[in-house]
Amino acid sequence: LAGMQRLLAREVITPRGPIGPAAVVVDGDRIMGVERVVGAVPDRTLAPGFVDLQVNGIGDVDVASADGSDWDALDAALLAQGVTTWCPTLITAPLDAYATPLDRIAARAAETSGRLRPHIAVAHLEGPFLGGAPGAHPKHLIRAPDLEWLGALPAIVRVMTLAPEQPGALDAIALLVRRGVVVSLGHSNATFEQATAAVDAGATLVTHCFNGMGPLHHRVPGLVGAALSDDRLTACVIADLVHLHPATLTTVLRAKGPERSVLVTDSVAWTGAAGSAPRLADGTLAGSVLAMDQAVRNIITRCGATLADAVAAASTVPAALLGLCDRGAIEAGRRADLVALGPDLRVGAVWVGGTAVDA
């Protein structure tokens with residue numbers, strides 16, 4: 001473990017607001033506190049390490065097939081964008097195809113080699129219990145929930161996206177919530193009433209709001225209307241400026257506020273250019289190549305978000321959703337998972353449990 005450190009910055013983003021110039025005092029892997037300082041400090045902002053709830057792959061590595069050194073490549077790519085906690089995500093597949101990748105994810109999460117790497121919090125299953133807006137998911141594999149299969153899910157699965165209009169969806173949501181799984185609504189043409197019933201059953205999240213769901217209509221609000229208006233729901237957004245127009249992003253962020261907005265990358269194994277997005281042959285969007293620090297920059301520069309609110313959406317809120325009370329904020333007692341952002345809001349350094357890694 002690292003010893004006692006004082007990490008200096010022009011500004012530190014804390015739960016009470018930005019403080020600066022200041023030092024984050026770290027002892028070992030824990031934050032001891034934040035102190036105001038006088039004198040020269042680095043021209044940077046310290047924020048809690050980012051938490052990404054939806055990572056399908058990065059570059060040429062797909063989470064579903066990742067093994068061996070593939071995990072090291074994912075770790076390096078995540079740290080470079082300031083992500084210190086993440087959820088490997090598997091999309092729609094036959095039910096019997098999930099066991100092997102979930103075993104690999106659980107094994108990687110349990111490794112204690114001492115290598116400096118981002119923490120795998122849980123696995124996220126995006127499918128196969130989706131609905132009438134499948135997007136890039138294989139339509140022939142989408143199906144109604146199988147309660148017996150859900151009841152036997154391994155403990156590593158703690159986030160699941162499903163569609164509330166599927167037969168048995170409400171029973172599935174109740175079962176998952178009893179197991180401690182965060183249920184997210186997505187890839188769905190649910191009515192407003194169906195979405196509200198799902199929230200009553202325990203759903204708390206919306207997967208990439210506006211994408212993979214019926215459009216908002218002023219008389220037929222649907223899932224989007226529920227996402228924007230129901231304070232029990234937190235909305236995830238892909239802020240790559242491809243999946244959502246900046247005005248739409250701004251609408252979601254203003255409707256949900258900093259307490260109920262989450263940035264996700266929904267990144268996939270694709271090596272296309274930054275600023276673009278992978279698509280199927282018919283033009284359907286198939287994930288993103290977004291990095292989390294770029295998502296933070298995008299909502300600040302294009303949507304008018306403050307840095308504090310952007311950090312909440314990239315770190316504090318997703319950590320809380322996962323029940324990770326030991327991270328997601330810079331305050332005494334939390335893990336010293338930190339990211340330093342330069343004046344251009346690009347990642348300059350990252351600390352995992354108090355140990356620095358160059359980004």
Side-chain angles (χ1 to χ4, degrees), residues 5-27 29-53 81-85 231 234-237 239 246 249-264 292-354 359:
Q5 305 176 76
R6 297 178 78 251
L7 306 177
L8 299 172
R10 174 181 50 80
E11 182 178 62
V12 176
I13 305 299
T14 78
R16 299 177 304 282
I19 297 175
V24 178
V25 181
V26 174
D27 188 6
D29 66 348
R30 296 288 151 174
I31 297 170
M32 304 305 292
V34 180
E35 303 173 347
R36 293 187 181 275
V37 298
V38 177
V41 297
D43 188 11
R44 64 186 185 183
T45 297
L46 291 177
F50 301 144
V51 179
D52 196 341
L53 300 181
Q81 54 185 273
V83 173
T84 55
T85 298
D231 286 344
T234 296
C236 298
V237 289
L249 270 172
T250 302
T251 297
V252 178
L253 297 172
R254 288 182 180 176
K256 301 312 296 182
E259 301 87 3
R260 299 182 187 89
S261 301
V262 169
L263 297 176
V264 295
M292 186 60 80
D293 61 323
Q294 183 65 60
V296 167
R297 290 193 296 274
N298 285 347
I299 67 167
I300 291 172
T301 60
R302 300 297 298 277
C303 303
T306 65
L307 178 56
D309 288 352
V311 166
S315 181
T316 311
V317 178
L321 277 166
L322 295 175
L324 300 176
C325 301
D326 64 340
R327 68 199 70 189
I330 298 180
E331 62 182 359
R334 304 259 187 163
R335 276 178 55 92
D337 291 348
L338 304 165
V339 57
L341 301 174
D344 59 358
L345 300 179
R346 296 183 183 276
V347 175
V350 178
W351 291 262
V352 177

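Note that the structure is predicted; figures quoted are calculated from it, not measured.
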Backbone of Gly353 reached by a side-chain donor or acceptor of Asp337 within 3.5 Å: yes
Distance, nearest 0.5 Å, that separates OG1 of Thr316 from CD of Glu331: 9.0 Å
Arg327 and Thr85: side chain donor to acceptor below 3.5 Å: yes
Inter-residue atom distance Arg335.CZ - Arg30.CZ, 0.5 Å rounding: 6.5 Å
For the pair Arg44 (side chain) and Leu8 (backbone), establish whether a donor and an acceptor sit closer than 3.5 Å, ignoring hydrogens and angles. yes
Reported CG-to-SG distance for the pair Asp309 and Cys303, which is rounded to 0.5 angstrom: 12.0 Å
Does a side-chain heavy-atom distance below 4.5 Å link Val51 with Leu321? no
Pro48 and Ala329 have their tightest heavy-atom pair at CB-N, 3.6 Å
Checking Thr14 side chain against Ile330 main chain: does a donor-acceptor pair fall under 3.5 Å? no
How many angstroms lie between OG1 in Thr306 and CD1 in Ile13, if you round to the nearest 0.5 Å? 8.0 Å
Take atom CZ in Arg297; do more than 12 heavy atoms of anything else shown fall under 6.0 Å from it? yes
Nearest heavy-atom approach of Trp351 to Leu46 is CZ3-CD2, 3.8 Å
Short question: side chain of Glu35, backbone of Val25 - any donor-acceptor pair under 3.5 Å? no
Do the side chains of Val339 and Val311 get nearer than 4.5 Å, heavy atoms only? no
So, using side-chain contact (heavy atoms from CB on, under 4.5 Å) as the criterion, who are the partners of Ala320 when residues are at least two apart? none
Report yes if the side chains of Leu338 and Val350 come closer than 4.5 Å at any heavy-atom pair, otherwise no. no
From Leu263 CG over to Ile299 CD1, what is the distance, rounded to the nearest 0.5 angstrom? 4.5 Å
One pair to check against side-chain contact (heavy atoms from CB on, under 4.5 Å): Val262 and Val237. What are the steps and the verdict? CA-CA 6 Å; Val262 169; Val237 289; over 6 Å; no
Locate the shortest heavy-atom distance separating Arg36 from Gly20; write the atom from each residue and the value. NH1-O, 3.6 Å
Minimal heavy-atom distance between Gly354 and Val26, with the atoms involved, is CA-CG1, 4.1 Å
Looking only at non-hydrogen atoms, find the nearest pair between Phe50 and Val296 and report the distance. CZ-CG2, 4.1 Å
Would you say that Leu345 contacts Asp293 through its side chain, given a criterion of any heavy-atom pair below 4.5 Å between the two side chains? no
Distance-minimising heavy-atom pair for Ala235 and Val252: CB-CG1, 4.0 Å
Decide yes or no for Val12 and Thr45: does some side-chain heavy atom of the first lie under 4.5 Å from some side-chain heavy atom of the second? no
Can you tell me how far CG of Asp43 sits from CD of Glu11, rounded to the nearest 0.5 angstrom? 10.0 Å
